[in-house]
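Notes to accompany the following structure.
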Amino acid sequence: MAKSRALSARFGTWVRGCFVGLCRTLQRFWRVHIMGFFVQKKKEYIPPSESIFHKEKIVVLGQILKNKALAIEERARAAHRIGLLAFTGGPMAGTFAAESMKEVALLLQSHKMAPKAKILLLQSVACWCYLDPAAQNTAKFLQFIPILTAVFDKEPESTSKTDISSDLLVKFWTCYVLSVMTCNNLSLMEELREEESLKYQLQMLAGENWAGWPENFAEVLYFLIGFHKN
C-alpha cells in the first residue's frame, strides 16, 4: 500500500514537472531564438491587423519552405520562422501555419539532412503545437506521430563521437516535440501508447545525459504516455 502511494506521488510529481519543464524549455528557447525578432511576448490578444501581418509573413516563408530549388537548410530556417510566428501570433496564426506544416512533415519523412536542419524543423513543430489543441490535432492528421517516432529507429551514420552526439540531440528534440504535442491531448497519448518499440526506446534515451535541459523529456514522455502503468 505504501509502495502504491509512493508511486502515485512520484507520478504526480512527474506530471507537474512535465508542465514546468515545458514552460522552462520554451522560455529558454524564446530567449535564445526569438528575442530580437519579435517584441511582443504575450499571446493574450492579437489584433486583426497583427494577424494579417503574421499571415503575410507565413505565406512568404511558406513559399521559401516549398521551394525545392533551395538548400534544405534554408527551407528549414523558413519552417523555423513559421513556427515562431505560429507561437507568437495566436490561434489564427497557428491555422495559417498548418498548410506549411504539410511540407515540414514531408521533409522530415523523406529527406536526409544535417542534424541542425532537422532540429530547426522539429523546433518549428514544437512552437506550432505548444498549448494549441487545434494544431496538435492537425499534427495527428498529418501523421507526425509515426514520422517523429521513426526518428528513434535511426542509428548514427558512424561511430564517431560527433555523429553519436548529433544523433542524440535530434532524438532529445524529438522527445521534447512529442511531449509538447501530447500534453493535454488524450488521443495523441493513446496513439503513442500503441507504438510497440517506443517504451523501450524511451527507457534507453532516459538513461542518457540530459545535462543542460530543464527536464529529461524521454522520462517525461514515458510518464505522459502512461508506460509506467504497464
Side-chain angles (χ1 to χ4, degrees), residues 25-26 28-38 54-89 93-130 132 135-136 138-181 201 205 208 212-213 217:
T25 299
L26 200 63
R28 182 180 178 186
F29 181 68
W30 177 281
R31 287 195 299 270
V32 174
H33 297 281
I34 306 178
M35 202 63 82
F37 289 106
F38 301 100
H54 279 75
K55 181 178 181 180
E56 291 173 349
K57 297 288 287 185
I58 288 170
V59 168
V60 172
L61 290 165
Q63 292 170 348
I64 297 172
L65 172 62
K66 296 173 183 178
N67 188 343
K68 293 179 173 59
L70 297 175
I72 291 293
E73 288 75 11
E74 187 172 352
R75 296 169 69 187
R77 284 195 294 271
H80 185 255
R81 290 293 303 275
I82 290 170
L84 301 182
L85 287 165
F87 172 69
T88 59
T95 302
F96 300 147
E99 183 67 28
S100 295
M101 289 301 155
K102 296 177 184 177
E103 192 68 26
V104 172
L106 289 173
L107 286 174
L108 284 170
Q109 190 173 15
S110 59
H111 281 266
K112 290 187 67 174
M113 65 189 77
K116 183 178 179 180
K118 185 164 286 188
I119 288 169
L120 286 172
L121 293 174
L122 292 170
Q123 289 172 343
S124 75
V125 178
C127 285
W128 174 51
C129 288
Y130 184 74
D132 187 338
Q136 292 169 358
T138 303
K140 179 180 179 180
F141 175 77
L142 293 175
Q143 299 296 305
F144 268 102
I145 292 295
I147 292 169
L148 293 174
T149 54
V151 171
F152 300 133
D153 296 326
K154 295 176 181 176
E155 297 294 332
E157 292 188 0
S158 76
T159 57
S160 73
K161 187 177 291 187
T162 299
D163 282 348
I164 292 172
S165 177
S166 296
D167 179 73
L168 269 179
L169 189 57
V170 169
K171 288 174 180 176
F172 283 4
W173 272 106
T174 303
C175 288
Y176 173 70
V177 175
L178 288 170
S179 296
V180 170
M181 286 175 60
Q201 291 165 332
L205 286 169
E208 297 291 346
W213 291 75
F217 282 103

If you measure from [atom1] on [X] to [atom2] on [Y], what distance do you get to the nearest 0.5 Å?
| X | Y | atom1 | atom2 | result |
| --- | --- | --- | --- | --- |
| Ser100 | Leu65 | OG | CG | 5.5 Å |
| Leu142 | Glu99 | CG | CD | 9.0 Å |
| Leu168 | Trp173 | CG | CH2 | 15.0 Å |
| Gln136 | Phe144 | CD | CZ | 12.5 Å |
| Ile164 | Glu155 | CD1 | CD | 9.5 Å |
| Leu107 | Met101 | CG | CE | 11.0 Å |

Looking only at non-hydrogen atoms, find the nearest pair between [X] and [Y] and report the distance.
| X | Y | result |
| --- | --- | --- |
| Ala93 | Leu85 | CB-O, 3.5 Å |
| Ala126 | Val180 | O-CG1, 3.6 Å |
| Arg75 | Lys68 | NH1-CA, 3.8 Å |
| Thr174 | Phe152 | CG2-CZ, 3.7 Å |
| Met181 | Ala139 | CE-CB, 3.7 Å |
| Asp163 | Pro156 | O-CB, 4.1 Å |

With heavy-atom distances below 4.5 Å as the criterion, would you say the side chains of [X] and [Y] are in contact?
| X | Y | answer |
| --- | --- | --- |
| Lys154 | Val170 | no |
| Ser124 | Ile82 | no |
| Leu84 | Gln123 | no |
| Thr138 | Trp128 | yes |

- Can you label the angle between the Trp213 ring and the Tyr176 ring as parallel, tilted or perpendicular, going by 30° and 60°?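 Rings of Trp213 and Tyr176: tilted, as their planes differ by 30° to 60°.
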